[in-house]
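A, B, ... follow the sequence lines: proteins, then strands. Residue 1 opens every chain. The structure presented is a predicted model; accordingly, all values stated were derived computationally and were not measured.
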There are 2 protein chains.
Amino acid sequence: MGHHKKGQSVSISDVARVAGVAKSTVSRAFIHPTLVAAPTRERIRRIADEMGFRPSRVARALSTGRTGLVGLVVPTLSNPFFGPLVAAMQQAAEEEDRQIVLMISELSAERETRIVERLSREVDGLIVATSLCEEAFLRKVAKEIPLVLVDRKVGRLASVLIDTPSGVAAIADHLIGMGHRRLCYVSGPPGSWADAPRIAALRTRAEQSGAEIVVAGPIPPTVDAGIEIAETVAAAGVTAVIGYNSATVLGLLHGLGTRGVRVPEDVSVASADDFILLQSTKPAVTVLHLPLEEAGQAAVRMLERLLRGERPGRPVVIGPRLVIRESTLRARPPGQQAGQS
Amino acid sequence: MGHHKKGQSVSISDVARVAGVAKSTVSRAFIHPTLVAAPTRERIRRIADEMGFRPSRVARALSTGRTGLVGLVVPTLSNPFFGPLVAAMQQAAEEEDRQIVLMISELSAERETRIVERLSREVDGLIVATSLCEEAFLRKVAKEIPLVLVDRKVGRLASVLIDTPSGVAAIADHLIGMGHRRLCYVSGPPGSWADAPRIAALRTRAEQSGAEIVVAGPIPPTVDAGIEIAETVAAAGVTAVIGYNSATVLGLLHGLGTRGVRVPEDVSVASADDFILLQSTKPAVTVLHLPLEEAGQAAVRMLERLLRGERPGRPVVIGPRLVIRESTLRARPPGQQAGQS
DNA sequence: TTGAAAGCGCTAACAT
DNA sequence: ATGTTAGCGCTTTCAA
């Protein structure tokens, strides 16, 4: 009763009839070209083309058991981390002639669980970014359907990791190399599993070079919280601070400024991620560039491998790149007063 | 040869056998409950439930011609405008038991056209946000498949519009009401169709109240461009400026600051959108809040109507809400010097 | 109220 | 190298 006729799409039988061959031959001409004699194949293809034949994904799916759909679950799209990630995956999936079914968990582990459960019966494979689900659940799902985790490691499950800890360590190296001896790390949201490894990496680096790490927080990853924590940071007697993410750092920049702490003269500031705004702040902030496009592609490629029945292999680790900008500076020689150059 | 057994899902035939009825009866028990005697229906449902029966979407799709898929096309996910929009649509679609197939055009009209073309043969309906395609093309697509446009109007095609022009006018009213007489509007990217209506609305308002509108730009919607244009704005002799979007405003804030122009004492600043960061700047910025969740829901509901074969009806217009914050202040009485309070 | 059977458009054995 | 046939799992006439 709808108004749309769905363009009476030409079916494989139509093509077969016109070409004077069997449906199966048409089918083969596309799926197993080598099984069809070259002239026949070309003729079929030409005719199909002329007729505007588009094989029905649905029929194919019913017949093969593969839908061509990849489920993608992300916790939110408000965090600028996920936009580029999703975009990259969509592009990569497209090249494999797959479509992305996107679902957003709204940062709720419970909702994510429901979503993954449902999705797992309706797609060929699943990519879950920054999963909040329980390990046991993810393990169970991975047994039922090819699953790639992004930004989360669970046992030997297929995963793509962004090695922020080593990136954060690189920031520390950079700072320590410039004479900083007492650094502050502002940690993120209370439950974040991202912080522990970063802090561990920082402590290792610090010990190796006689520097010291102070941890502030945890705080929510918001600009406001960053502003507030600036108080603590300013009082911590550090010459450099590394923020959990861009929002934190935006807040820090602002909070430190209003407290008369100059960046970078008094305190160097760096961010553990690289939301674009940080390149246009005053001063421009030293950041960790996270190659999210790369991560997205890697995830799709890995899923593709699983779909082919190959073993997951080791997690793919994407290394962030340190981008040094104006907000990090050589530490003042000890004893020199703030304000002097 | 894959490792995943896809959990031998129970089919409708399995349920039928166990329940001792025909497949068709099981099918009816779910799709047309009234056609099945209550006791039979309940028994079937119970058994199906116990067996963990999940009807195959694919089989159903092949049989009915409806996939349950909605195609969603957005130009990018890097712009914070689209995250909440997509999220809202996904949620709304989920409630209708539909899945969202997301595709990103990367701000390319050509790519968008390709995508829409492809998608239109593989989904039940299409939502296209901020389309860059040509009108003629969109009209053609709308004839073939239910299509809802968001943030773009093409003839009588179904659409959801965010009435930024009237919102911008509300900003102007607010400013003019506080004594401002010369306002600057910083326009967005060169080709943007968003600017003309806004500027028209502004001029109308200005004429009505003896105020004056200066247009700066067009400039790319980036922080950097905002910083640069601050020069022009500072020299324009205006007491208030309205920025194309949040990035522009972030840039303006910064650019004006470094030029010694105080906000809001010297110049009031407002933004035509409400990316979250603007509430934590110093000063917090007066913005137009865009109810994107509402827009997303409206789009899905509208598509649902089209899918039922109903007429599109008039475009749904979502009105932005003015959020007044610290960055807009009463204009200085004429003649009073900067620096005085 | 229920059952039987056709068919959606394709793929993949199996046959030739 | 190509044709024949049997499904894939569901919905939907049509019969009973």
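For Arg152(B), there are no side chain to side chain donor-acceptor pair (under 3.5 Å) partners, not counting sequence neighbours. A search for side chain to side chain donor-acceptor pair (under 3.5 Å) contacts involving Arg43(B) returns nothing, not counting sequence neighbours. Among residues two or more places apart in sequence or in another chain, the side chain to side chain contact (heavy atoms under 4.5 Å, CB included) test is passed with Ala109(A) by Leu132(A). For Arg305(A), the side chain to side chain contact (heavy atoms under 4.5 Å, CB included) criterion is met by Met302(A), Arg308(A), Glu310(A), not counting sequence neighbours. The ring-ring contact (aromatic ring centres under 6.0 Å, His included) test applied to Phe137(B) returns no partner, not counting sequence neighbours. Checked against side chain to side chain donor-acceptor pair (under 3.5 Å), Thr130(B) has the following partners two or more places apart in sequence or in another chain: Asp151(B). Among residues two or more places apart in sequence or in another chain, the side chain to side chain donor-acceptor pair (under 3.5 Å) test is passed with Arg156(B) by none.
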Cut-off 3.5 Å, no hydrogens considered: what does the side-chain donor-acceptor table look like for residues 69-81 of chain B, sequence neighbours left out?
from	atom 1	to	atom 2	distance (Å)
Thr76(B)	OG1	Ser78(B)	N	2.8
Asn79(B)	OD1	Phe81(B)	N	2.8

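Interface limits on DNA chain C: the 5'-most and 3'-most nucleotides within less than 4.0 Å of chain A heavy atoms are dG9(C) to dA13(C). Of all nucleotides in DNA chain D having an atom under 4.0 Å from a heavy atom of chain B, the first and last in 5' to 3' order are dG9(D) to dT13(D).
Proximity of residues 25-39 of chain A to DNA chain D (heavy atom under 4.0 angstrom from any strand atom) is restricted to Thr25(A), Arg28(A), Leu35(A), Val36(A), Ala37(A).
Residues Thr40(B) and Ser13(A) each lie close to DNA chain C; by heavy-atom proximity, the contact nearer the 5' end of the strand is made by Thr40(B).
Across all strands, Val21(A) comes closer than 4.0 Å only to sugar-phosphate atoms, never to a base (heavy-atom distances). Contact annotation for Ser24(B): base contact, defined as any heavy-atom pair under 4.0 Å involving a base atom.
Arg111(A) and Gln91(B) share a side-chain donor-acceptor pair at under 3.5 Å.
Listed by first then second residue, pairs satisfying ring-ring contact (aromatic ring centres under 6.0 Å, His included) with a partner in residues 29-75 of chain A read Phe30(A)-Phe53(A), not counting sequence neighbours.
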